[in-house]
Amino acid sequence: MANYELNDDSVVVVIGSGAGGGTLANELCQKGISVVLLEAGARVENDAFINDEWNSFLQLAWLDKRTTSGNWRVAKDFPNLPAWICKTVGGTTTHWAGASLRFQEHEFKARTTYGEIQGASLLDWPLTLAELEPYYAKAEDKMGVTRTNGIPGLPGNNNFKVLYNGATRIGYQKVNTGHMAINSRPRHDRNSCLQLGFCFQGCKSGAKWSTLYTEIPAAEATGRLDLRPQSMVLQIQHDDSGKVTGVLYADQDGKQQLQKARVVCVACNSIESPRLLLNSASAKYPDGLANGSGQVGRNYMRHVTGSVYAIFDRPVRMYRGTTMAGIIQDENGHNPERGFAGGYELETLALGLPFMAAFLEPGAWGRQFASMMEGYENMAGMWIVGEDMPQSQNGVTLHVSEKDDHGLPIPNVHFDDHVNDVAMRNHAFKQGRAVYDAVGAHTVWETPPYPSTHNLGTNRMSEKPEDGVVNKWGQSHEIKNLFISDGSQFTTGAAENPTLTIVTLAIRQADYLAEQMGKNEI
Amino acid sequence: MDQTELTRRDFLEGTGKAAGVMVVTLATGTALMASDGAWAMDLRALSGETAETLLRMTRALYPHDMLSDQYYAVVVSALDDEAKESGEVAAMMKDGAASLDAAFGMPFSQLSEGNQVLALQSLETTPFFQKVRAKVVGVLYNNPRVWQAFGYEGASFDEGGYIERGFDDLAWLPNPPEDASPAKA
Ligand SMILES: Cc1cc2nc3c(=O)[nH]c(=O)nc-3n(C[C@H](O)[C@H](O)[C@H](O)COP(=O)(O)OP(=O)(O)OC[C@H]3O[C@@H](n4cnc5c(N)ncnc54)[C@H](O)[C@@H]3O)c2cc1C
Ligand code: SF4
């Protein structure tokens, strides 16, 4: 492991070690580039993960206070927990489920395909599926995605059996155990899945891809990575020309340090990334870094979500085995006859009893709720993930009065559902219900969205500088040596879970960075 | 509550419903105790009266006839711990329980289930109600002994996961075909 000087201004500083940052850091190190990786969370290895929902949440989740506003139900149910994301080395790739789907071609052209939609700030991506395909292939290989690279699919668990039978009985055809970044066979020195059922609590067996035990050790093995855990970046600094020069961070002892940098890459997930740019406002950039367009923090997306839980006469024990054990893909196309633009996926999901109590119907009490809970053993569940509309006013702003421990404004997350989102969720709830009714459910419950696990779009890519924050490489339109390397660069959200695309963009960005550095462009 | 004390006893599952409880004064302080002696909890901050009302409240909020009172007592105990730490919480519990007892002019514990629900509804928007409700969700359903009653098996890593222990043992539906769900390695 490398140890660079604070005043070494030849290094690339990557902020955040999750899907985007962890991957980018490794890719750069493999190319011989020196990287300082600053991560707010501690380094917790996977053998220390906890098979217990609340204790794992306390161990890995981001718990710093945030506030919410808007008409989304999360603001009422979880006013200080807009998002479920992690603060730990490996970021949210510790808690993620592993579903790894490519975006569809038309989803990169959302504005063209869907046309003008009132209230939506839709844009086409400044890149195409064809441009990304070679990088998707690299990402799938790196992550060991099932049903790619000759890797067999995972065996379906009980929850999948219910989904499969219900789905095929109502005529769905694209139903299988999915494309998962979980080893179905031992691969890349990691074991195959033991069907532990705690994918959301960090995979103790290491079968599921996480930057914590793949990208980061690989980068360390090059001798070029200087990983600094418990290092919270507070501000990105720049010189008179406007180029960024380094970052101010609070180290593990709470002491402020200034790390110089040649290039800064921000990968703090879609709430902290814009917050950091906004908190870095200066005389030269009074509205925050990279924010000449005023788009930093805007167009926040979180996917149209919701869950359907059904109770049967006989046991299911959905919690056994992979959390996201299978998928229905028949609804993921753009088919405006359904009454909305874009599509959605239906994926199995299971919660343990503690989380089920908290999330099944937040705020509910009484006999009806209690009797739903008593059906737990006979319950099957699925999660909706669909494309939501970017809206200019949805997003991350700095709180006017509340400050964190470092004296910096905390973020507020505002979200209003778009009518398209509401129509899609409604359709998906109906379809989910039909799937379970077809196999004899006696009670079906429509569960509202959880705090956002997918957070996207707050520093979006755009062809024109006035429409977004970064170009097709994730490079700031305004500041050449400042990059965004996480899901906040997404122009639109597509129907698919985002991480494969985050990793794909990071691999591609590393190529571009190396090339630009080689040419002394940055 | 002295958890070890409690777990050393042999509790009956499925005795159901609210059984009798009594407040006892011991040399060490006040305790709430099941009339049949099945369990007891020391009170550190709450009065016996408040604790009894809270016990009935926690069950009325999330009524599981298969669970005996001791599991709800764990929630009250957690509230008692908080009340010990914070005078504000102690006052909130005392006043909140008193409002429940006042709702129909008789102790909450003597109300019919329907009237308990009405009394609870009248307080639904108060911080007291919200706090107790959230506590039940966070504590009652987070107890491994309660998990057993609901058929949730909890941690699995030490048992080698479910790969050899029934992750796909559901037999009341046909198995999906191999291409949708390949055999395990
Ligand atoms: C329960 C759950 C299930 C999920 N399942 C799936 C799935 O099946 N498929 C899928 O595609 N996606 C899934 N996701 C989403 C997935 O985890 C995220 O899309 C992905 O991890 C985002 O990557 P990222 O790099 O943007 O951010 P993260 O992985 O969240 O990493 C950001 C990192 O930045 C650090 N950080 C933030 N601010 C600072 C700062 N100022 N200074 C230093 N460090 C900072 C954080 O601590 C964190 O480690 C799931 C998420 C959750 C919570
Ligand atoms: S089910 Fe598989 S992927 Fe999920 S935690 Fe267990 S071993 Fe890991």
Side-chain angles (χ1 to χ4, degrees), chain A residues 49-54 146 152-162 164-166 168 175-177 184-186 192-198 204-205 312-317 319-322 325-326 352-358 362-363 365-367 369-371 373-374 376-378 439, chain B residues 58-67 113 116-117 120-121 124 129-130 132-134 136-144 146-185:
Chain A
F49 288 165
I50 310 169
N51 270 194
D52 180 287
E53 291 180 310
W54 285 119
T146 57
L154 285 159
N157 66 2
N158 293 334
N159 204 14
F160 176 70
K161 283 194 199 177
V162 178
Y164 180 86
N165 281 285
T168 49
V175 193
N176 60 47
T177 56
S184 61
R185 300 289 182 279
S192 57
C193 173
L194 297 172
Q195 302 285 339
L196 297 179
F198 285 90
K204 274 180 90 71
S205 80
F312 298 86
D313 293 332
R314 280 166 287 189
V316 178
R317 302 193 182 99
Y319 57 85
R320 290 184 181 174
T322 44
L353 195 77
F355 274 14
M356 189 57 74
W365 56 277
R367 279 247 170 233
F369 180 86
S371 90
M373 289 299 295
E374 286 176 16
Y376 180 77
E377 197 171 12
N378 296 0
V439 273
Chain B
T58 55
R59 178 184 286 279
L61 284 169
Y62 294 94
H64 293 293
D65 296 347
M66 65 199 186
L67 295 180
E113 182 170 325
Q116 285 188 337
V117 169
L120 287 169
Q121 279 169 346
E124 216 174 338
F129 178 95
Q130 294 300 338
V132 176
R133 194 200 63 73
V136 191
V137 170
V139 174
L140 180 72
Y141 297 107
N142 204 27
N143 180 341
V146 168
W147 296 348
Q148 283 174 23
F150 284 78
Y152 176 55
E153 294 165 280
S156 73
F157 183 73
D158 291 342
E159 323 254 359
Y162 291 105
I163 186 108
E164 304 296 346
R165 294 189 312 128
F167 80 105
D168 64 348
D169 64 358
L170 185 151
W172 53 269
L173 286 168
N175 282 328
E178 176 79 19
D179 59 334
S181 176
K184 69 183 181 198

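Throughout, protein chains are lettered first and strands after them, A, B, ... in sequence-line order, and every chain is numbered starting at 1.
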(request) Please state whether the side chain, the backbone, both or neither of A:Phe312 comes within less than 4.5 Å of a heavy atom of chain B. (result) side chain
(message) Would the distance check show the side chain of B:Ser156 and the main-chain N or O of A:Leu196 forming a donor-acceptor pair, the cut-off being under 3.5 Å?
(response) yes
(request) Verify whether the ring centers belonging to A:Trp365 and B:Phe129 lie closer than 6.0 Å. (result) yes
(message) Counting heavy-atom pairs closer than 4.5 Å to chain A, which one of B:Pro177, B:Ala171, B:Ala134, B:Pro144 comes out on top?
(response) B:Pro177
(message) Donor-acceptor pair, distance only, cut-off 3.5 Å: does the side chain of A:Arg314 make one with the backbone of A:Asn378?
(response) no
(request) Pick one of side chain, backbone, both or neither for B:Glu153, based on which atoms fall under 4.5 Å of a heavy atom in chain A. (result) both
(request) Check each atom of A:Val316 against the heavy atoms of chain B and say whether the ones under 4.5 Å are side chain, backbone, both or neither. (result) both
(message) As an exercise: rank B:Ala60, B:Gly160, B:Gly166 by heavy-atom pairs under 4.5 Å with chain A and give me the winner.
(response) B:Gly166
(message) Just so I understand: if I count every heavy-atom pair under 4.5 Å between each of B:Glu178, B:Arg133, B:Glu159 and chain A, which residue has the most?
(response) B:Arg133
(message) Please classify the contact between A:Ser192 and chain B as side chain, backbone, both or neither, with a heavy-atom cut-off of under 4.5 Å.
(response) neither
(message) Between A:Leu154 and chain B, with a heavy-atom cut-off of 4.5 Å, which part of the residue counts as in contact: side chain, backbone, both or neither?
(response) backbone
(request) Measure distances from A:Met356 to the heavy atoms of chain B and classify the residue's part below 4.5 Å as side chain, backbone, both or neither. (result) neither
(request) Could you tell me which portion of B:Ala185 (side chain, backbone, both or neither) has an atom closer than 4.5 angstrom to a non-hydrogen atom of chain A? (result) both
(message) Less than 4.5 Å to any heavy atom of chain A: does that hold for the side chain of B:Asp179, its backbone, both, or neither?
(response) backbone
(message) I'd like to verify something: which residue of B:Gly151, B:Pro63, B:Gly154 has the highest number of heavy-atom pairs under 4.5 Å with chain A?
(response) B:Pro63
(message) Between the side chains of B:Lys184 and B:Asp168, is the shortest nitrogen-to-carboxylate-oxygen separation below 4.0 Å, so that they form an ion pair?
(response) no
(request) Spell out, as yes or no, whether a donor-acceptor pair under 3.5 Å connects the side chain of B:Trp172 to the backbone of A:Pro315. (result) yes
(message) I'd like to know if B:Asp65 pairs up with A:Arg367 as an ion pair, taking the criterion as any Lys NZ or Arg NE/NH1/NH2 lying under 4.0 Å from an Asp or Glu carboxylate oxygen.
(response) yes
(request) Look at the side chain of A:Gln195 and the backbone N and O of A:Asn157, then say whether any donor-acceptor pair between them is shorter than 3.5 Å. (result) no
(message) Please check: side-chain N/O of A:Asn165 versus main-chain N/O of B:Pro174, any donor-acceptor pairing under 3.5 Å?
(response) yes
(message) So does B:Phe157 get a backbone contact from the side chain of A:Asn51, meaning a donor-acceptor N/O pair under 3.5 Å?
(response) yes
(message) Less than 4.5 Å to any heavy atom of chain B: does that hold for the side chain of A:Thr322, its backbone, both, or neither?
(response) neither
(request) Answer yes or no: is there a donor N or O on one side and an acceptor on the other, between the side chain of A:Glu374 and the main chain of B:Phe150, under 3.5 Å? (result) no
(message) Which atoms of A:Arg317 are under 4.5 Å from chain B, going by heavy atoms: the side chain, the backbone, both sets, or neither?
(response) side chain
(request) Output the option from B:Leu140, B:Val139, B:Asn175 having the highest count of non-hydrogen pairs under 4.5 Å with chain A. (result) B:Asn175
